[in-house]
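Worksheet: one structure, shown below.
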Protein chains: 2
Amino acid sequence: MRLLVVEDEPEMALALQSALRRHDMIADHADTLAAAMEMIPLGSYDAIILDRGLPDGDGLSLIPRIRQCRASIPVIVLTARGRLAERISGLDSGADDYLAKPFAFEELLARLRAVMRRPDHLRPMAVKLGRLSLDLDHREARVENMRFDLPRRELLVLEALMRRAGRMVPREILMEAVFGMSDEVQSNTLDSHISRLRRKLADADAGVTINGVRGVGYMLMEQI
Amino acid sequence: MRLLVVEDEPEMALALQSALRRHDMIADHADTLAAAMEMIPLGSYDAIILDRGLPDGDGLSLIPRIRQCRASIPVIVLTARGRLAERISGLDSGADDYLAKPFAFEELLARLRAVMRRPDHLRPMAVKLGRLSLDLDHREARVENMRFDLPRRELLVLEALMRRAGRMVPREILMEAVFGMSDEVQSNTLDSHISRLRRKLADADAGVTINGVRGVGYMLMEQI
DNA sequence: CGAAACGTCATGTTGCCGCAATGTGTCGCA
DNA sequence: TGCGACACATTGCGGCAACATGACGTTTCG
């Protein structure tokens, strides 16, 4: 799961990033509208968390521009301006949800989950392949009914692969899903994770295999 | 715009219906879970407004059943049970939004608009010819529903040919599509790829042929 | 402070890709 | 019609880049 947090207050941004990260999501950060507009076409985000009061304008003005380049990214507006009229104008600007500060982080999470379940994203809540199942809401993998715990990065790899189970996932896409664009990784780190994940899947007898296609990427398949 | 209001209190239901009608929407009404379940498959609703405390159970239990028959109807839960934990569990049950009573009708409208604003998800561009199809987004070919893996260069050849299926593709164009204009290839490398590709297409019984025309180029045709 | 996780390096392995050698059909020309 | 030139077809092979995997040092987190 890959998010963009558009927020100018460093503390708030950092708090959000680390909290989201603790829930196994990758959150990039932009502190101005301009920065956000550059990052959105590049990273393929699953959702955007948007503040209103930004140094170079109202966050709401970003929404139409987002819709222009990628129509279906969910946007959650997260702001101190929580009066009724502001909520309404926010939603009418194209936001998918509107949450007023102060807020409970748990509610933000729930609204994120809700917003990403939307049909635009045709995202099933749980995927199953072979003996392996992955609950995308609770970020928890299972083999049959046994818990199958994974470190953060490996879980991100598995998630990206399972979301397109049975289809090729280009290496580039995987890289973006596992590492944000902030961290640039130059070496074969992804290969390491794939390797480790392969071993664990085999040890747990998960009934799935990761096939690599040279020059393209990886694919998760049911074992034969 | 066609809505279903699931709500047991007659006054509230009536108020909603008339208010929605004043905004040019059609709102049907169900006062029990059972009634709602009958109506949903029949009327093709654009959204559902759902109360929780219903005579025959919690409205939330309706959501999974809705998702079963028509996955993509937006559901807004509208209820007096507005505590944080309840909001979270509501959203996690699959609701698209959660609004606590008392509420401003204007906000319900805004949230309805937000939830129904759904840009038609444009399918990844795909080309099909014979039994062969090619997903240009994911750079992935299929014969019927079997994956049809190809090395990078061969896939590039196939892509260039399928984009112009049924038409002649001059050799020069192919060269440029397969090797950039940067790389100069001096020998009959393209012919190699064409040859290998032909064999694979035949082996997979893809229902297409590559015809070569002397002095011009190649053309991809449906097999006779 | 210890353990798990992560990124990097080094080494072994695979298989694509470009090349060239050879085969096959087509066309021009006498 | 016969012959040779040419364009394309096919196949084997070697170089090399991409991938696989295990080891190691650093970082992160409880």
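Worth knowing before you read on, the calculation uses all heavy atoms, side chains too, and leaves out hydrogens, waters and symmetry mates. Below, read A as the first sequence line, B as the second, and so on, with proteins coming before strands; counting in each chain starts at 1.
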Separation of [X] atom [atom1] from [N] atom [atom2], in whole Å?
| X | N | atom1 | atom2 | answer |
| --- | --- | --- | --- | --- |
| A:Ile194 | C:dC6 | CD1 | P | 14 Å |
| A:Arg199 | D:dC19 | CZ | P | 21 Å |
| A:Leu197 | D:dC19 | CG | P | 17 Å |
| A:Arg171 | D:dC19 | CZ | P | 5 Å |
| A:Arg21 | C:dA5 | CZ | P | 13 Å |
| B:Ile210 | D:dC8 | CD1 | P | 14 Å |
| A:Leu190 | C:dT8 | CG | P | 12 Å |
| B:Asp191 | C:dG25 | CG | P | 17 Å |

Within the pair A:Tyr218 and D:dA18, is there a side-chain N or O less than 4.0 Å away from OP1 or OP2?
->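 So the side chain of A:Tyr218 is outside the cut-off, no N or O lying under 4.0 Å from OP1 or OP2 of D:dA18.
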
Can a side chain N or O of B:Arg153 be found less than 4.0 Å away from OP1 or OP2 on C:dG18?
-> yes

More than 12 heavy atoms of other groups within 6.0 Å of B:Met221 CE |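 No, because the 6.0 Å sphere around CE of B:Met221 holds 12 heavy atoms or fewer from other groups.
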
For A:Met146, look at atom CE and say whether over 12 heavy atoms of other residues, nucleotides or ligands are found less than 6.0 Å away.
-> no

Measure from the side-chain heavy atoms of A:His193 and tell me the nearest of C:dC17, C:dA5, C:dG7.
->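 Side chain of A:His193 sits closest to C:dG7.
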
Could you check which of C:dA20, C:dC6, D:dT21 has an atom nearest any side-chain atom of A:Pro151?
->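 The listed nucleotide nearest to A:Pro151's side chain is C:dC6.
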
C:dC19 base to B:Ser192 side chain: any donor-acceptor pair below 3.5 Å?
->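 Checked by distance alone, the answer is yes.
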
Decide, yes or no, whether a salt bridge links B:Arg198 with B:Asp203 under the criterion of side-chain N to carboxylate O below 4.0 Å.
-> no

N-O pairing of B:Arg81 and B:Asp51 below 4.0 Å =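 Looking at B:Arg81 and B:Asp51, the cut-off is not met.
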
Hey, does the Lys NZ or Arg CZ of A:Arg142 hover above the aromatic six-ring of A:Phe148, less than 6.0 Å from the centre and inside 45° of the axis?
->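 No, a cation-pi geometry is absent between A:Arg142 and A:Phe148.
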
Identify whether any heavy atom of A:Arg196 sits under 4.0 Å from a base atom; if not, whether one sits that close to sugar-phosphate; answer base, sugar-phosphate or nothing.
->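 Answer is base: heavy atoms of A:Arg196 come under 4.0 Å of a base.
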
On DNA chain C, check which nucleotide each of B:Arg214 and A:Thr189 is closest to and give me the residue with the more 5' one.
-> A:Thr189

